[in-house]
Amino acid sequence: MMKDIAGRVASEASVSRPEVGDLGSPPSSVHRSAESDGAWFVALDVDGTIMHQDETIDGSVADAVAAAVERGHIVTLATGRSWSTTAPVLEHLGLEPEYVVCANGAITMRRDTTAPGRYVREHVETFDPTAVLERIRTFLPAGKFMVELPDGFRLYTTGMVEWNLDNAREVEFDELLDQRATRVVVTSLEHGLDEFFEIVDQMGLHHVSYAIGWTAWLDIAPDGVNKATALERVRGWLDLPADRVIAVGDGRNDLEMFSWAGAAGRSVAMGQAPDEVRAAADEVAGSIDDAGLAAVLDSLP
């Protein structure tokens, strides 16, 4: 059964649990944490979990993040955002974790105080988006497309108006092809969410990972790459116990992260999350409008 922070009970969905194990040797600069210190590895989604749609953060949430760090917990972000739009969130919160997961797991940043911006790309997953872009366009000829490159620069087609387009350039569709990409975003504003789900189902996308957002937009990552795969790699690098991980999120791109965290630790969905997202978590918090994340963080020892 799944229980929320206030004690409500709902039925639990069947969710596959990824294996927990070592996904690579830690960089030589990492200082491993002792299992006996009681610290929790805390992975937080950004939009709809920490941050409102207008990009404000409630004071109580910022205070709870700071207090969790002060108590010794290892708090990081796991977001679909690019690094350029994730860095300001860290700055707002006063966070400087060893690692940060961006682009739905395709990019893991490592803190390096000698580098410009104090972070460097530690692990980057890429793919050639040509085949998937061409297939999607046959189903969504009026769709809007954006491709994020390994260095964070983005290429987008005309009409991609709802996204941060700093460090980006508008191109014709054909210029998106034959690139090495970490992420592809597709929007189709003329379709409702239910209709968009049906169209995506008909596409039969293979050899990529993807998630559908709150509206008619599709977020595509390299095959087998998601927030969970990146977080498990980081957990291994930091030598943290699997039974002291907690993940909090609100979107369909958090489902794998919930499965990973809930295998031995805690997975928490925000109260306003879609039904299938709340069903995939072990707990349900208050909504973003009620600063629900604060109570979750305060529940840590």
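Predicted model only: the values in this text are computed from it and were never measured.
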For residues Ala106 and Thr182, report the shortest heavy-atom separation together with the two atoms involved. CB-O, 3.4 Å
So, are Glu232 and Arg235 salt-bridged, with charged N and O less than 4.0 Å apart? yes
Under 3.5 Å, is there a donor on one side chain and an acceptor on the other for Ser60 and Asp58? no
Quick one: sort the Trp83 and Tyr119 rings into parallel, tilted or perpendicular, breaks at 30° and 60°. tilted
Taking atom types as modelled and ignoring hydrogens, do the side chains of Asn167 and Ser84 form a donor-acceptor contact shorter than 3.5 angstrom? no
I'd like to know if Arg81 and Asp47 make a salt bridge, using a cut-off of under 4.0 Å between side-chain N and carboxylate O. yes
salt_bridge(Glu256, Lys227) N-O dist < 4.0 Å: no
What is the minimum heavy-atom distance between Gly249 and Asp45, and which atoms define it? CA-CB, 3.7 Å
Checking the side chain of Ser267 only, and the main-chain atoms of Asp282 only, is there a donor and an acceptor separated by less than 3.5 Å? yes
Taking the side chain from Glu170 and the backbone from Leu155, do they hold a donor-acceptor pair closer than 3.5 Å? no
Does the pair Arg183/Asp219 count as a salt bridge with the N-to-O cut at 4.0 Å? yes
Is the side chain of His73 donor-acceptor paired with the backbone N or O of Ala39 at a distance under 3.5 Å, no angle test? no
Please check this pair: side chain of Arg244 against backbone of Gly265, looking for a donor-acceptor N/O pair closer than 3.5 Å. no
For the residue pair Asn104 / Asn253, report whether a side-chain donor-acceptor contact shorter than 3.5 Å exists. yes
Between the side chain of Asp239 and the main-chain N/O of Gly236, is any donor-acceptor distance below 3.5 Å? no
For the pair Glu125 (side chain) and Gly105 (backbone), establish whether a donor and an acceptor sit closer than 3.5 Å, ignoring hydrogens and angles. no
Under 3.5 Å, side chain of Asp112 to main-chain N/O of Thr114, donor-acceptor pair present? yes
With distance as the sole criterion, is a donor-acceptor pair present between the side chains of Thr108 and Arg121 under 3.5 Å? no
Under 3.5 Å, is there a donor-acceptor pair linking the side chains of Asp289 and Ser287? no
Salt bridge between Arg111 and Glu122, side-chain N to carboxylate O under 4.0 Å? no
Please name the pair of heavy atoms, one in Val268 and one in Ala281, separated by the smallest distance, quoted to 0.1 Å. C-CB, 4.1 Å
So, are Glu98 and Arg110 salt-bridged, with charged N and O less than 4.0 Å apart? no
Anything under 30° is parallel, anything over 60° is perpendicular, the rest tilted; go ahead and classify Phe173 against Phe145. perpendicular
